[in-house]
Amino acid sequence: MNTQTSAVSANMSAGLMSIVKKNAVPILFAILSILSVVVAKMNPLFLVNEIITRLARNAFLVLALLIPVSAGLGLNFAIVVGAMAGQVAVIAITHWKIEGLLGFFLAMLGSVPLAVIMGYLVGQVMNRAKGREMITSMVLGFFANGIYQLVFLFLVGTVIPMKNRSMMLPDGVGIRNTVDLFGISRALDNLWRINVAGIRIPLASLLLVVLLCIALHYFMQTRLGQQMRAVGQDINIAAVAGINVDRTRVIAMILSTVLAAWGQLIFLQNISTLNTYNSHEQVGTFAIAALLVGGATARRATIWQALLGVLLFHTLFVVSPSAGQAIIGIPQIGEYFRVFVAYGVIGVALALHAWQARE
Amino acid sequence: MKERLRNLIAQLGVPRVIIIGFVLALFVIAYSTKLPIGPLFSASLVRVGMNGVLVLAMVPTISAGVGLNFGLPVGVLCGLVGALISMQMDFKGFMGFIMAILFSLPLAVLAGWGYAALLNKVKGQEMMVGTYLGFSSVAGMCIFWLLAPFDNPELVWAIGGQGLRYTLTLDNHFGKVLNRLFQVSFGGLEIPLGLLGFFGLMCLLVHLFFSTKMGLAVKAAGANPRFAQASGIDPDRTRTVGVVLSTVLGAIGIVVYAQSYGFIQLYMAPLMMAFPAVAAILIGGANLQRATIGHVILGTFLFQTLLTTALPVTSRVIQGDISEVARLIISNGMILYALTRGDGRETA
Amino acid sequence: MQPGNCLYVGGIRDTVAHVLEMRGINKSFFGTTVLKDVDLAVDAGEIHALVGENGAGKSTLMNILFGMPVIHNTGGYEGQILVDGEQVEIPSPGVAMQLGIGMVHQEFMLMPGFTVTENIKLNREISRPNLLSRIISDKLELLDVSQMGKDSRQALDKLGVDIDHWLPVAGLPVGYMQFVEIAREIDKSQVKALVFDEPTAVLTESEAELFLGAVQRLSEAGLAILFISHRLAEVVAVAHRITVLRDGEVVGRLSQNGVKVERIAEMMVGRQIKRPALPPRTSEPSDDDIILETKNLEVQMPGERLKGLNLAVRRGEILGLGGLAGHGKVAVANGIMGLYPASGSVRIEGRELPLNDPAAALQSRLAFVSEDRRGTGLLLDESIEDNIAFTSMQSQNRFLKGSVPWQGLRVRDGEAIRKQALKTIEELDIRCTGPEQPVRRLSGGNQQKVCLARALTLSPRILFASEPTRGIDVGAKSLVLDLLVKFNRELGMTVVLTSSELAELRMICDRIAIIYQGRLVGILTPDDSDVEFGLMMAGGRVSEVGVG
């Protein structure tokens, strides 16, 4: 094709430039992560272990964001609602003392109907807020949090009959701030775990993530997946082509919510304790930040970007306090820095998204 | 009669009717459980003065067509820096209050200008971008609080810590100066005239601004940018004016809030500052396109009364503090309602 | 019944039913008749052209054919539609599709991020069942991408275009997008008839040629084609039969044999207009006294691009700007007033006007009554008086009081505004409950008068009025035109009137400039012949057109 070598090399450098340009965000964060790792002088074994654990723990939640992005609903801050559905299921099985793997899978099963209903409602709200989906999903998350607190602080033990000394506040009303999940603690992680040169790998959990990736990959090639992509590209043209736009968007939200519920369950079995009123709060922010760090945008996100994002974002998360300590001598700087990064990367991504949408 | 009632409900909107009903019900319960109404009412008046200016900050952005200012923390942070400078320089009493505002003004104008420049580039997504600009500014300023060159021992950790304290008391500076100014007792009611007067003054200034040539241009460009352009107005410029004004009001608002509260809270405390203010103006009857001073006053009054009476009243009926949960549900529910109402405006 | 029934070329002789027939179609909007007893028939293998001015009723006819909601929402229509000789009801576009009637839209209905194949197969994907899809829903069937590609290739080959069907649509040239759109229609296996709405309007000359070739191929393959176009030359070149609509009526049915462009043009325009006696002037405007001159003015107005206009406006005249929709006549005033990006040069009384600066245009005492009355023209929720005073306040610092160093902080002078409002309300006879009434509640005609009142308040040298009579009732129309004449004769205002209605231009203008494809084709007087107007709007002069 190209006979002149100079043209080839010119093409290659131009190609390289465009690759760098397209992946500016993940490259920047890769550099930042590597620098922090070098500065923090962290034990590499500890770091690798920590990152693998976090990958197994968080990837599912990040992957739950992909379907709404491709259906044009943007970044779904309302996965918080799905996480709550997961927590409701976890509270139920802990209360009924169903333990081990059975408990875990029952919780997954039990969270589905709740998550489907929630997802349906979220989808309906989104359809009434076209063009403002992201801010609406974010406020919806806060609103749902209020309802959740109302239920578990005031209604449990009064309106909802429940008696359980270890899980409830001393006066018999409301769930404790922290609930020990020893029943399903590491149920999935410990199912199949191997140890390679001091690195513990929770294969079962990782396998579940891989399964989800494959499922998502195939889903996008089905008729429904194609319809979602069409709706995501242009609502009006999709409608003219005879696609039921509103219904498709609702289905996307339901799927995302169910996946988020399962993702939260995977997260909780690894953490082993439920912070009843905090565990879900930052789920949306951190999952979205991770996805964006991987190079995704509010209009386009791939499985690889999700996985890469989790890797980079959590590396930074693990090392930034130590890096802060090493550079300025104040560990809190690293802590604030990573919060800043999480919010900042979302802000920049949203601004870019709006900017491009105008052109 | 029935017809008229239905019209009234339609005009007010269902959520507003529910909230008004809720406030009335709280007072009825308070009365029947023999809670003293007077102090309850006085407390809500203080809260109105305390929060009013922050709610007022929503008016310029809505009028300018930018929407609800979820980036209010940008202004709040400027106000906090102004207050800290005033404290660092050891201004006392009323002087401290005035200097805090004066120091924060140039910062707020500058920050508001930058914020507006960003918002002009992201038309259609201002609220979302504003929210995260606010969030990341708060997080970024946390690093500033750690490293900032303040050395007044009242401000920084005494031992074992670095940087500014989490919570600073204003007792020796300008705590409660407005609250105590011209406070009068009237039939068992404590009325903080100075505080309410300051809020009233701010409302009047904003009202006056919107009857000047510039103010009218801001409003026209907000309602219909094409129309404004055809009259020789640059809508980007009027949007900038609206955002700067809102940011300035946010800075003044937090100084008023802090003096009333008696403390300054740093670090992650200002994170969610925009939400109650947004909710209040919506409760008052504003929507994403239209907001008036009347909405500010009514909304602040309803929302703050609701919050101040909810705690003592409900604690007679149920155990635990439900007011925080009520605040979450009401404020976010109200915002959700406003966002999901079809407003006929096309957004990208 | 059909005068041209036995006169086609290259078609199959038709003794059986027409593929598509519309019989005795009547339609009115709010009491105004827009279609009167229209008959139209298209046969297999025929290219049938439908021509007419803007507002002749072409799009209404197509909306009826496709069962668009706008028809049902306004009381339906009278008449019959027959497909293959059988009477059908078409309540929605979906039904039209099922009956085998395809439409190629003027604006492209394509997903930019999808490939050509994905667009051709949009929501008609080919898929294969699998275990999950059998259990849950056929929506979970996996796409058969290679079969989809083969089908697309076949459709594109039928058109004779050589596009890679795996390319994304985003980067394709406009002409190719049109082909993708057509390929989608002919890929629908049951399609019998295709409607093209102004298909060549967006194409370059060479693309149009390629396109017309493709259309001819399709007709040879037996498709019935209904072709709506303004380009008379191409109509004459490809159509087997031509139906001419004017004011909602069929005024001519022509066959290809021996048709001349002039004849069609005359039919399209043909109506005798009585020019009312206008008040005389003391001195007539002339080329010796030019108030505004444009040189190579280009305006980037979406859908109305102006591609280099050289035009001189005489002081004191009423100049009409005419031409078909989409050719750029509306862009002239919008460009000069700085509302859409413009380049080139505009001189007012010899002085250069800074472009893209609405404030500067207003300062040069130009005023504009926009064609987009409810969008650009008015603040619908504000009062009549504020609407009247606003522009003068902002651009001339009038209606302000108080002395502060900065004009921006001077306060609105309610009293002065009220006085001006009352004065103009009386002068222009605005029917309202008072100067405080919000303009949203006024009728279209009165809203337009508020716009005129605002322009008048600016006391301009030149007034640009764009489509000032669009969407207002007949009585109000003549009132608005009378006002423009009054401004011109009594106040000496130079008026530039842009209108799609040739009749009204010929009624009050001194000269009428015709814009075609973004350029000036010529300037006519109101008394010039219909043929001349018709041809010029179709892009040529009598002497230049040699097609026949």
Item to check | chain B contact via C:Met393 - side chain, backbone, both or neither, heavy atoms under 4.5 Å | outcome: both
Next on the checklist: Would you say that more than 12 heavy atoms from the other residues, nucleotides or ligands in this model lie under 6.0 Å from the CZ of C:Arg418, or not?
Outcome noted: yes
Next on the checklist: With rounding to the nearest 0.5 angstrom, report the CZ to CD distance, B:Phe227 to C:Glu382.
Outcome noted: 9.0 Å
Checklist entry - With only heavy atoms counted, which part of B:Ile233 is less than 4.5 Å from chain C, the side chain, the backbone, both or neither? => result side chain
Next on the checklist: Counting heavy-atom pairs closer than 4.5 Å to chain B, which one of C:Leu378, C:Leu400, C:Val404, C:Asp381 comes out on top?
Outcome noted: C:Leu378
Checklist entry - Below 4.5 Å, heavy atoms only, C-beta onward: do C:Gln394 and B:Leu216 meet side chain to side chain? => result yes
Checklist outcome for this item: Closest heavy-atom pair, B:Ala230 versus C:Thr391, reported as atoms and distance to 0.1 Å, is O-CG2, 4.5 Å
Item to check | Proximity breakdown for C:Arg412 and chain B, heavy-atom pairs closer than 4.5 Å | outcome: both
Checklist outcome for this item: Tightest non-hydrogen contact, residues C:Leu409 and B:Thr212, listed as O-CG2, 3.4 Å
Item to check | Residues B:Arg226, C:Leu339; criterion side-chain contact (heavy atoms from CB on, under 4.5 Å); working and verdict | outcome: CA-CA 8 Å; B:Arg226 300 284 310 156; C:Leu339 297 180; 3.9 Å; yes
Checklist entry - Above 12 or not: heavy atoms from other molecules or residues under 6.0 Å from CD of C:Glu352? => result yes
Next on the checklist: I need the minimum non-hydrogen distance between C:Phe390 and B:Ala217, along with the two atoms involved.
Outcome noted: CZ-CA, 4.1 Å
Checklist entry - Non-hydrogen atoms of chain B under 4.5 Å away: do they reach the side chain of C:Arg373, the backbone, both or neither? => result neither
Next on the checklist: So which atom in B:Asn224 and which in C:Leu379 form the shortest heavy-atom distance, rounded to 0.1 Å?
Outcome noted: CB-CD2, 3.8 Å
Item to check | Distance, nearest 0.5 Å, that separates NZ of B:Lys213 from CZ of C:Phe399 | outcome: 13.0 Å
Next on the checklist: With a 4.5 angstrom heavy-atom cut-off, is it the side chain or the backbone of C:Leu380 that approaches chain B, or both, or neither?
Outcome noted: neither
Item to check | Heavy atoms from other residues, nucleotides or ligands near CZ of C:Arg365 exceed 12 (cutoff 6.0 Å) | outcome: yes
Item to check | Crowding at NE2, C:His72 (>12 non-hydrogen neighbours, <6.0 Å) | outcome: yes
Checklist entry - What's the shortest heavy-atom distance between B:Ser231 and C:Ser395, and which atoms? => result O-CB, 4.5 Å
